[in-house]
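Chain identifiers are assigned alphabetically (A, B, ...) following the order of the sequence lines, protein sequences preceding nucleic acid strands; residue numbering begins at 1 within each chain.
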Amino acid sequence: DQQVKQNSPSLSVQEGRISILNCDYTNSMFDYFLWYKKYPAEGPTFLISISSIKDKNEDGRFTVFLNKSAKHLSLHIVPSQPGDSAVYFCAASAFGNQFYFGTGTSLTVIP
Amino acid sequence: EAGVAQSPRYKIIEKRQSVAFWCNPISGHATLYWYQQILGQGPKLLIQFQNNGVVDDSQLPKDRFSAERLKGVDSTLKIQPAKLEDSAVYLCASSLGGRGRTEAFFGQGTRLTVV
């Protein structure tokens with residue numbers, strides 16, 4: 001049972017434009033959400049997080065939005081850069097317990 | 001600050017053989033995780049330690065997988081005997097732990113191929 005879903009396996013965006021990566025979850029008890037970035041042959045690298053008490057968190061070019069009623073979160077990257085090309089995973093946890101990961105979205109930023 | 005260290009990076013074994021992976025977490029991190037990532041899927045938790053105690057091993061195939069974390073620091077994950085479907089990347093991660101909202105930091109992973 002996949003509790004965290006990323007329905008878009010891949011996304012291509014022109015350099016300088018906005019990249020929007022989406023994630024849906026089913027467990028209403030999730031209270032902490034994270035985005036990880038993964039390059040080939042490397043482990044996932046933490047990117048940004050958001051607690052369920054917020055609906056937005058921003059860090060430089062990266063912004064995560066949380067819509068609890070829709071059980072949906074999204075990652076916005078503005079402006080997108082070629083170095084952002086990677087696989088992005090969203091993850092969620094409840095009460096500090098294990099992280100559940102989505103299947104990932106492969107982002108390609110075209111120069 | 002040193003990251004999470006894992007070894008080996010790659011391992012190829014025949015089915016029914018045994019294999020062990022090693023992980024050294026970030027210093028001071030109480031929580032250690034082992035994840036299995038099969039190609040095309042997201043990481044799936046196998047086992048979670050808090051110091052040297054097991055917090056969650058509900059998804060660990062205990063008939064063939066075992067893990068230990070001696071002295072609450074390093075950890076080893078063992079598979080005995082291996083099956084073809086165990087081919088995956090095994091990721092170790094650590095976090096400050098407790099009930100706080102802290103992210104996990106991952107190692108580079110061990111890519112296991114069972115032939």
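The environment of B/K62 atom NZ is dense: over 12 non-hydrogen atoms of other residues, nucleotides or ligands sit within 6.0 angstrom. For CG of B/L70, the number of neighbouring non-hydrogen atoms (other residues, nucleotides, ligands) closer than 6.0 Å is greater than 12. For A/I18, the CD1 atom is densely surrounded, since the number of other residues' heavy atoms within 6.0 Å is greater than 12. When the shell of 6.0 Å around CD of B/Q17 is examined, it contains more than 12 heavy atoms from other residues, nucleotides or ligands. Atom NZ of B/K11 sits in a sparse spot, with 12 or fewer heavy atoms from other residues, nucleotides or ligands closer than 6.0 Å.
Closest of all the heavy-atom pairs between B/L91 and A/G43 is CD2-CA, 4.1 Å.
The backbone N or O of B/A104 sits less than 3.5 Å from a side-chain atom of A/Y36, completing a donor-acceptor pair.
A 4.5 Å side-chain heavy-atom check between A/Y32 and B/E103 finds at least one atom pair inside the cut-off. Between A/K38 and B/Q37, the closest side-chain pair of non-hydrogen atoms falls below 4.5 Å. The shortest distance between side-chain heavy atoms of B/Y35 and A/F99 falls below 4.5 Å.
Here the straight-line distance linking atom CD of A/Q2 with atom NZ of B/K44 works out to 11.0 Å at 0.5 Å rounding. Interatomic distance, CD of A/Q98 versus CD1 of B/I47, reported as 11.5 Å (0.5 Å rounding). One distance of note links OH of A/Y100 with CG of B/L45; it measures 8.0 Å at 0.5 Å rounding.
For a residue to count as touching a neighbouring chain, one of its non-hydrogen atoms must lie under 4.5 Å from one of that chain's; by this rule A/A91 does not touch chain B. Proximity to chain A is absent for every atom of B/Q6, based on heavy atoms less than 4.5 angstrom apart.
For residues 78-96 of chain B, the salt bridge (Lys or Arg N to Asp or Glu O under 4.0 Å) pairs, not counting sequence neighbours, are B/R64-B/D86.
Hydrophobic cluster membership differs between B/V89 and B/F65, with clusters built from Ile, Leu, Val, Met, Phe, Trp and Tyr side chains linked at under 4.5 angstrom. When hydrophobic clusters are built by joining Ile, Leu, Val, Met, Phe, Trp and Tyr residues whose side-chain heavy atoms come closer than 4.5 Å, directly or via intermediates, B/W22 is not grouped with B/I12. Two different hydrophobic clusters hold B/F49 and B/L96 under the rule that ILVMFWY side chains link at heavy-atom gaps under 4.5 Å. A single hydrophobic cluster is not seen to contain both B/Y33 and B/V55; linkage of ILVMFWY side chains at heavy-atom distances under 4.5 Å, directly or through other members, places them apart. Under a hydrophobic-cluster definition in which Ile, Leu, Val, Met, Phe, Trp and Tyr are linked whenever side-chain heavy atoms come within less than 4.5 Å, directly or via other members, A/F101 and B/L46 are assigned to different clusters.
The contact list for residues 108-115 of chain B toward chain A, using heavy atoms and a distance under 4.5 Å, reads B/Q108 by residue number.
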